[in-house]
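As structure tokens, the structure follows; a few thoughts come after it.
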Amino acid sequence: MDDMLIDGKGLIKDYGKAQKTRALHGVDIKLVRGEFASLIGPSGCGKSTLLSILGALDRPTEGTMMIAGHDLSGMNDLQLALFRNKRIGFVFQAHHLLPEFTALENVLIPSWIESGTADSKRRERAVDLLERVGLRERLNNLANNLSGGQQQRVSIARALINEPDIILADEPDGNLDSEATEHIYELLRDINRTMGTTFLIVTHDRHIAEKSNRVIEMLDGRILDDYKTSDVSRDDLWKRLAPCNCKCPDTCTDDSHGQSAR
Ligand SMILES: Nc1ncnc2c1ncn2[C@@H]1O[C@H](COP(=O)(O)OP(=O)(O)O)[C@@H](O)[C@H]1O
Ligand SMILES: [Mg+2]
């Protein structure tokens, strides 16, 4: 089996027409199955742009994107949407749950999109996933009535319902306190270990990046550094992951400080 899951070559992304912003300047990136990787870098460096291209939410201006051996440029928009719904799970900072639907219904939404229905097997899987994320007692609660951490856990279960090859997470810790953040990451790591799901996670929290197998660092629309965490000492890793030049404590995750200390 080919272990290459994501293979992006020469990815360029321009926004706007009259006033062009080049958000990606020719990025090459590969991810193999089973990886648990962090994507870090200052605000505006192109992390979310790269994630949406890797997740087939957007198309690159130039370059090629292959996912699990499929060349995305050959797909029309509908084919791309179906492919994405089946193969890729997303977890965002704002979890995009439907507030008037229950936790269980929210988890079943990608399944409804895929097949127009949610058979009993899917329902069972959704219940299992919600149990897995610690929400067995909250299946029928409206999303509106759940805490921020609980809502994020529902969105993780939702991302897993179609058994995706990869989960792309964009600052899933953004709105959570540090304890809830820790729980979310333990959960993602556990899913990676036990279910083999590949992860690429944008984070500002170096405690989290430290727990990854691989760190990919971006700056100004380019990949500045890309290394396995096992290849550097803990001290070195900690320095490399220094979040910014500000004087705030080392738990600082403030996006607006943005500057890498290196
Ligand atoms: N939809 C858009 N239209 C125009 N410019 C955009 C759009 N999305 C992002 N950008 C610009 O592209 C660059 C990269 O943004 P983004 O990928 O959101 O960075 P990050 O996620 O690292 O903060 C920034 O300069 C940003 O202003
Ligand atoms: Mg972003």
Side-chain angles (χ1 to χ4, degrees), residues 6 8-31 36-65 67 72 77 80-81 84 88-97 148 151-152 155-156 159 166-176 180-181 184-185 188 199-210 212 214-227 240-246 248 251-262:
I6 299 265
K9 285 200 186 88
L11 300 173
I12 290 178
K13 180 66 187 178
D14 292 333
Y15 290 113
K17 288 204 171 100
Q19 188 75 26
K20 217 167 62 171
T21 307
R22 180 151 291 187
L24 296 179
H25 294 261
V27 167
D28 295 323
I29 183 168
K30 292 180 199 283
L31 285 163
F36 192 87
S38 293
L39 181 61
I40 64 169
S43 184
C45 71
K47 304 181 296 296
S48 297
T49 301
L50 181 59
L51 221 61
S52 17
I53 290 175
L54 299 184
L57 276 173
D58 200 359
R59 295 178 191 266
T61 309
E62 280 177 48
T64 57
M65 256 310 298
I67 300 183
L72 303 192
D77 288 350
L80 201 62
R84 184 172 63 227
I88 300 160
F90 294 94
V91 178
F92 296 101
Q93 179 171 3
H95 29 71
H96 303 304
L97 297 185
Q151 293 189 26
Q152 196 55 294
S155 80
I156 292 166
I166 184 165
I167 290 193
L168 300 169
D170 200 348
E171 301 185 47
D173 44 8
N175 288 325
L176 303 178
T181 298
I184 292 291
Y185 279 96
L188 298 183
F199 281 86
L200 179 63
I201 303 172
V202 174
T203 181
H204 287 280
D205 191 334
R206 60 178 166 165
H207 294 88
I208 302 312
E210 187 194 28
S212 319
R214 175 179 171 193
V215 175
I216 302 165
E217 184 175 350
M218 289 186 74
L219 187 67
D220 296 338
R222 294 183 173 84
I223 291 181
L224 181 71
D225 212 349
D226 183 351
Y227 52 92
R240 285 177 182 232
L241 297 175
C244 61
N245 284 323
C246 73
C248 45
T251 49
C252 172
T253 57
D254 190 338
D255 197 17
S256 66
H257 299 167
Q259 280 297 313
S260 170
R262 288 189 302 141

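Numbering of ligands and ligand atoms starts at 1, following listing order.
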Self-check item: N/O/S atom of Ser43 inside 2.8 Å of the Mg ion (ligand 2), strictly under
Solution: no
Practice problem: Could you walk me through whether Arg59 and Leu72 pass the side-chain contact (heavy atoms from CB on, under 4.5 Å) test, one step at a time? | Solution: CA-CA 9 Å; Arg59 295 178 191 266; Leu72 303 192; 5.6 Å; no
Out of [options], who gets a non-hydrogen atom closest to [atom]?
atom                    : options                    : value
atom 15 (O) of ligand 1 : Leu51, Leu50, Thr49        : Thr49
atom 19 (O) of ligand 1 : Gly46, Ser52, Gly221       : Gly46
atom 13 (C) of ligand 1 : Gly41, Cys45, Gly16, Gly44 : Gly44

Quiz item: Do the side chains of Leu11 and Met65 get nearer than 4.5 Å, heavy atoms only?
Solution: yes
Practice problem: Ignoring hydrogens and angles, tell me if any N or O in the side chain of Thr61 forms a donor-acceptor pair with the backbone of Asp14 under 3.5 Å. | Solution: yes
Practice problem: Please step through salt bridge (charged side-chain N to carboxylate O under 4.0 Å, His left out) for the pair Asp58 and Lys13, ending with a clear verdict. | Solution: CA-CA 10 Å; Asp58 200 359; Lys13 180 66 187 178; 3.2 Å; yes
Self-check item: Which atom of Leu31 lies closest to which atom of Ala37, heavy atoms considered
Solution: CD2-CB, 4.1 Å
Quiz item: Which atoms of ligand 1 sit under 4.0 Å from any heavy atom of Ser43?
Solution: 23 (O)
Practice problem: Flag Ala23 as yes when one of its N or O atoms lies below 3.5 Å from any N or O atom of ligand 1, and as no otherwise. | Solution: no
